[in-house]
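Heavy atoms only: backbone and side chains are in, while hydrogens, waters and symmetry mates are out. As the structure is a prediction and not an experimental result, all values here were calculated from the model.
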Amino acid sequence: MDLNLSDEQKLLRESAERFVAQSYDADHRRKMANDPLGFSPSVWKQFAELGWLALPLPEEFGGLGGGAVEIGILMETFGRGLVSEPYVATVVLGAALIARCGTAEQKQASLPKVADGSLKLAFAHSERAARFDLAKVTTSANKTAQGWRLAGSKTAVLDGHAADQIIVSAHIHDHRGPSGRIGLFLVQATTPGLVISDYPRLGGGRACNIELFDVHLPEDALLGDGQDALPAIECTIDRAMAALGAEAVGIMQTLLETTLEYTKIRRQFGRPLSANQVIRHRLADMAMQVDEARSMALRAALKADSPPVERARAASGAKAKIGKCARFVGEQSIQLHGGMGVTEELEVGAYFKRLVAFDTLFGGSAHHYARHAELGRRA
């Protein structure tokens with residue numbers, strides 16, 4: 001198996017690294033952390049001009065037809081810069097669900113707008129009682145004469161406050177009662193009865209909780225033909241975990257490089273910290289954890305189009321392993337920086353917070369070790 005990047009993939013990585021190095025410094029990140037929107041609209045426009053928003057979309061709808069590996073390359077670079085733009089919410093989650101479940105008319109109405117940056121999406125699926133079980137949805141969608149009526153609540157919706165449209169999952173109730181199927185509904189952010197409460201995420205960016213109080217939607221708000229959307233949701237979340245794993249690898253690599261540089265210049269008892277053998281051992285352990293995490297993230301990306309069980313095992317294995325690696329690398333970086341590691345003066349703390357947020361998003365390591373084992377028994 002050839003794991004070397006193609007020329008196009010190398011160009012993508014180089015352009016992304018160059019853009020992040022020029023645009024994302026400490027001052028920019030602090031400014032975005034205090035911004036109510038949580039990201040820069042001008043930077044989002046540049047994402048569109050560079051073709052990153054169109055990267056994984058089908059070519060017939062203005063996309064470039066890229067895959068999970070290309071998304072991973074981009075996300076790893078985003079991790080290095082602690083990028084806070086709603087890329088995962090709009091492109092990796094929202095646009096992917098429309099491309100997988102939507103009708104030809106729905107795709108044509110939405111995907112070109114995602115590609116040119118004029119449409120931002122969010123995916124509202126998690127519920128408080130679900131405990132990361134993707135099949136557990138209590139939000140209801142009742143069929144009416146005019147269309148649909150939604151009621152329920154969603155938690156931890158990534159960048160939902162900035163979305164123009166929110167894709168809401170709900171248990172479909174037709175004239176015979178509960179159908180046992182999960183449907184996906186396109187809800188305009190300005191729809192009456194939709195209440196959004198946003199808050200800052202740990203490590204940058206924002207998320208929100210959503211309440212739906214008898215939200216009335218037209219007939220065509222339902223994505224697709226009403227078939228059970230759970231397989232599409234599982235596939236999309238697995239691909240999102242692969243992308244977030246790549247982002248975590250970029251964060252970990254930056255922490256490793258920053259810590260290595262710090263131990264070279266920080267002197268104690270007349271010599272640099274890196275001269276101590278125990279410090280070198282800890283840095284070597286950090287480097288090993290970064291390489292292991294990078295391998296798992298790449299495996300999850302390569303398995304993104306595999307059969308469902310194989311794909312899900314790769315995604316859960318990556319999420320569990322990278323979560324443990326991320327915590328180790330983050331903690332070592334904080335400790336090796338000493339008291340400076342927990343101050344606002346250095347950015348080590350911000351990178352560590354983003355890693356902590358990664359470990360809990362879509363389920364922590366313990367949840368995914370259990371899912372991986374269950375999928376193994378099923379296979």
Side-chain angles (χ1 to χ4, degrees), residues 1-6 8-10 12-13 16 52 55-58 63-79 87-89 91-101 123 125 132-135 228-253 288-326 358-359 361-379:
M1 179 181 292
D2 184 8
L3 297 179
N4 293 316
L5 298 180
S6 66
E8 292 80 3
Q9 290 169 338
K10 289 177 182 177
L12 173 64
R13 184 178 63 184
W52 296 345
L55 184 59
L57 303 182
L64 300 177
V69 173
E70 286 77 19
I71 289 294
I73 292 169
L74 200 56
M75 289 297 296
E76 183 174 342
T77 307
F78 287 174
Y87 192 82
V88 171
V91 178
V92 181
L93 290 172
L97 285 169
I98 294 175
R100 183 171 291 271
C101 299
F123 179 40
H125 181 69
F132 308 116
D133 182 356
L134 298 179
D228 188 15
L230 181 59
I233 293 170
E234 290 175 336
C235 177
T236 302
I237 295 296
D238 286 341
R239 295 175 76 98
M241 288 193 294
L244 289 168
E247 181 188 40
V249 169
I251 296 171
M252 294 159 65
Q253 184 67 47
M288 289 172 57
Q289 295 289 320
V290 173
D291 283 344
E292 289 179 10
R294 180 175 284 109
S295 297
M296 293 300 290
L298 178 58
R299 182 174 185 271
L302 291 172
K303 296 285 187 181
D305 296 318
S306 297
V309 173
E310 188 177 350
R311 179 206 68 227
R313 289 195 80 208
S316 277
K319 187 67 167 62
K321 178 61 177 175
I322 295 172
K324 293 184 74 70
C325 293
F358 161 80
D359 191 31
L361 193 60
F362 301 125
S365 292
H367 170 79
H368 283 286
Y369 276 126
R371 183 184 185 230
H372 186 274
E374 174 59 30
L375 289 166
R377 288 191 289 270
R378 192 185 307 173

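Atom CD1 in Ile98 sits 11.0 Å away from atom CZ in Phe123 (nearest 0.5 Å). Expressed to the nearest 0.5 Å, how far CD of Glu292 lies from CE of Met252 amounts to 9.0 Å.
Residues Met75 and Val88 meet the side-chain proximity criterion, which asks for heavy atoms closer than 4.5 Å. In this structure, the side chains of Lys319 and His372 stay at 4.5 Å or more apart for every pair of heavy atoms. Looking at Asp359 and Ser365, their side chains come closer than 4.5 Å, going by heavy atoms from C-beta outward.
By the ring-ring contact (aromatic ring centres under 6.0 Å, His included) test, Phe358 pairs with no residue at all, sequence neighbours left out. Scanning for side-chain contact (heavy atoms from CB on, under 4.5 Å) contacts around Gln9 gives Leu5, Ser6, Val69, Glu70, Ile73, with sequence neighbours left out. Here Asp133 pairs with nothing under the salt bridge (Lys or Arg N to Asp or Glu O under 4.0 Å) rule; sequence neighbours left out. Scored by the side-chain contact (heavy atoms from CB on, under 4.5 Å) test, Leu134 finds His125, Leu230, Glu234, Ile237 as partners (sequence neighbours excluded). Taking Asp228 as the reference, nothing meets the salt bridge (Lys or Arg N to Asp or Glu O under 4.0 Å) condition, with sequence neighbours excluded. Every residue meeting the side-chain contact (heavy atoms from CB on, under 4.5 Å) condition with Ala96, not counting sequence neighbours, appears here in chain and number order: Thr236. By the ring-ring contact (aromatic ring centres under 6.0 Å, His included) test, His367 pairs with Phe132, sequence neighbours left out. Scanning for salt bridge (Lys or Arg N to Asp or Glu O under 4.0 Å) contacts around Arg100 gives an empty result, with sequence neighbours left out. By the salt bridge (Lys or Arg N to Asp or Glu O under 4.0 Å) test, Glu8 is found to be paired with no residue, residues two or more places apart in sequence or in another chain being considered.
Of the residues Arg371, Lys321, Glu374, the one that meets the side chain to side chain donor-acceptor pair (under 3.5 Å) test with Ser316 is Arg371. Of the candidates Leu64, Leu74, Thr77, Leu12 forms a side-chain contact (heavy atoms from CB on, under 4.5 Å) with just one, namely Leu74.
Annotation for Pro56 and Ile71: closest pair CG-CD1, 3.8 Å, computed over non-hydrogen atoms. Taking every heavy atom of both residues into account, Leu57 and Ala95 meet most closely at CD2-CB, 3.6 Å.
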For residues 296-306, tabulate all N or O donor-acceptor pairs below 3.5 Å that involve a side-chain atom, not counting sequence neighbours.
{"unit_1": "Lys303", "atom_1": "NZ", "unit_2": "Glu310", "atom_2": "OE2", "d": "2.4"}
{"unit_1": "Asp305", "atom_1": "OD1", "unit_2": "Arg239", "atom_2": "NH1", "d": "2.8"}
{"unit_1": "Ser306", "atom_1": "OG", "unit_2": "Lys303", "atom_2": "O", "d": "3.3"}

Check your understanding: For Glu76 and Arg294, what are the C-alpha separation, side-chain angles and deciding distance, and is it a salt bridge (charged side-chain N to carboxylate O under 4.0 Å, His left out)?
Key -> CA-CA 9 Å; Glu76 183 174 342; Arg294 180 175 284 109; 3.2 Å; yes
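Side-chain atoms of Tyr87 come within 3.5 Å of backbone atoms of Trp52 as a donor-acceptor pair (strictly under, hydrogens ignored).
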